[in-house]
Amino acid sequence: TAAMFTVMLVRSIALNRLEHAANATDNQIDDFLVEVLRSTRIFLALGVAIYVAVHLLVLPQSVKELADRAFIGLLILQSGFWASRGLDFFLRQRLATDEVSSRAARATTRPILAFIGRVVLWALIGLLLDNMGLNVTALVASMGIGGIAVALAVQNILGDLFASLSIAIDQPFVVGDFVIVDDLMGTIEHVGLKTTRVRSLGGEQIIFSNNDLLKSRIRNYKRMQERRVVFSVRVTYDTPHDRLEKIPGMIAEAIGSQDSTRFDRAHLKGFGPSSLDYEAVYYVLDPDFNLYMDIQQAINLSLVRSFRESGVEFAFPTQTLHLATEVPSLLQKTVPSVG
């Protein structure tokens, strides 16, 4: 009991002093030590107490060897907790200091990497315990065909798990990005180990399998730096030639008068069934969709005003029917005379 109390007292005093040192300095080492020390479990103190008691008492050698192995096993297990907390601290600090990683990227990446790191870590801990004499071979062998069946059953889960690792490392999208997958669209709400959840524009939640999602063509609009806009203007065929030549300039002026735009081109594209078709291209220098709609509305209103002042009329679908005023001579010959 005294040994156990001493270990816990030493832990408490060391943790208190390290916390004061961590608050007074910008060094990450003392912060790391505080995080690791906080994960110290009481069974380590219990193991130390048993180890000390066994070696102070006169006991058979076999009991002492068993106590030594138990103490080393508890120490390895405690090392696993220390390493797990240290891994979480490293990922948190590494992603926080990465200028490229945004808060959304950290929220996407850290949980997945932490989970996979813990799986690998505890697998290594298990191997170390196995080397100490904890035989797990019989347990694995007893699974037999059942183990193969389970492996086949979870292959899709493992595929999604590795897909989540790919998402965490490559980051084709992060939480908060607006994406379009096939004919579905929405904002990334959560990236899990098996599924990714997207909040659609209609409000419902769309759930994708990570493996299937990475096989799809994903359009990430959140990472758009500028928006390319193509729109058409149609005017009537009876518009005079001199006014037709002025229309590209009117379009360029309407676009250039708007902020956050870059004019590209405006041309008479072709001859439609009932209109002369102009095509214009410009760039919105901000990816925000609402800003794009405000700019397009201002351009349209400006063109309406300019066309009205210049006497240019917008075209709409029409059909012209030509009626013959005279009966064709061939038809006159075939019609019999009366009287």
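Since the model is a prediction, treat every value here as computed from it, not as a measurement.
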- Hey, what do you get for CD (E253) to OG (S306), rounding to the nearest 0.5 Å? 6.0 Å

- Can you tell me if T261 uses its side chain to pair, donor with acceptor, with the backbone of I255 under 3.5 Å? yes

- In short, R243 meets V312 closest at the heavy-atom pair CB-CG2, 4.1 Å

- Would you tell me whether Y283 and Q225 have side-chain atoms, one donor and one acceptor, within less than 3.5 Å of each other? no

- Message: Can you confirm whether more than 12 heavy atoms, excluding those of D259, are under 6.0 Å from its CG atom?
- Response: no

- Inter-residue atom distance R265.CZ - I251.CD1, 0.5 Å rounding: 10.5 Å

- Query: Any sub-3.5 Å donor-acceptor pair from Y237's side-chain atoms to G272's backbone N or O?
  - Reply: yes

- Do the non-hydrogen side-chain atoms of V198 and L184 ever get within less than 4.5 Å of each other? no

- Item | Nearest-0.5 Å distance that lies between atom CZ in R199 and atom CG in L201 | 11.5 Å

- To the nearest 0.5 Å, tell me how far R234 CZ sits from T236 OG1. 13.5 Å

- Query: Hey, what's the ring geometry for Y221 with F178, parallel, tilted or perpendicular (30° and 60° as the breaks)?
  - Reply: perpendicular

- Task: Say whether F263 and V233 are linked into one hydrophobic cluster, either directly or through other cluster members, by side-chain heavy-atom distances under 4.5 angstrom.
- Result: yes

- Any chance you could measure N210, atom CG, to S164, atom OG, to the nearest 0.5 Å? 5.5 Å

- Query: Do other residues, nucleotides or ligands put more than 12 heavy atoms under 6.0 Å from R223 CZ?
  - Reply: yes

- Message: If the test is side chain to side chain contact (heavy atoms under 4.5 Å, CB included), which one of L301, I295, I299 qualifies with Q297?
- Response: L301

- Is any side-chain heavy atom of T196 closer than 4.5 Å to a side-chain heavy atom of I167? yes

- Query: Looking at side-chain heavy atoms only, is the closest gap between I206 and S200 below 4.5 Å?
  - Reply: yes

- Query: Taking the side chain from N220 and the backbone from D177, do they hold a donor-acceptor pair closer than 3.5 Å?
  - Reply: no

- Query: What do the steps show when you test L303 against F231 for side chain to side chain contact (heavy atoms under 4.5 Å, CB included), and what is the final call?
  - Reply: CA-CA 12 Å; L303 289 177; F231 71 98; 4.1 Å; yes

- Query: Is there side-chain contact between L276 and F271, with at least one heavy-atom pair below 4.5 Å?
  - Reply: yes

- Note: L285 and E226 closest approach over all heavy atoms is CD2-OE1, 3.5 Å

- Query: Where do P248 and A266 come nearest, in terms of heavy atoms and distance?
  - Reply: CB-O, 3.6 Å

- Under 3.5 Å side-chain donor-acceptor pair for S209 and N211: no

- Query: Would M224 end up clustered with L291 when hydrophobic side chains under 4.5 Å apart are linked, directly or stepwise?
  - Reply: no

- State, yes or no, whether a side-chain contact exists between D286 and Y292 at a heavy-atom distance under 4.5 Å. no

- Task: Report the distance from atom NZ of K194 to atom CZ of F208, rounding to the nearest 0.5 Å.
- Result: 13.5 Å

- Note: M250 and S310 closest approach over all heavy atoms is CE-OG, 3.0 Å

- Query: Between V230 and E279, is a side chain to side chain contact (heavy atoms under 4.5 Å, CB included) present by the stated rule, with each step listed?
  - Reply: CA-CA 7 Å; V230 181; E279 183 178 79; 3.8 Å; yes

- Query: Which atoms form the tightest heavy-atom contact between A315 and S275, and what is the distance?
  - Reply: CB-CB, 3.3 Å

- For V175 and E189, which heavy atoms make the closest approach, and how far apart are they? CG1-O, 3.8 Å

- Query: Would Y278 and V229 show up in the same hydrophobic cluster when neighbours are defined by side-chain heavy atoms closer than 4.5 Å?
  - Reply: yes

- Query: More than 12 foreign heavy atoms under 6.0 Å from CD of Q296: is that the case here?
  - Reply: yes

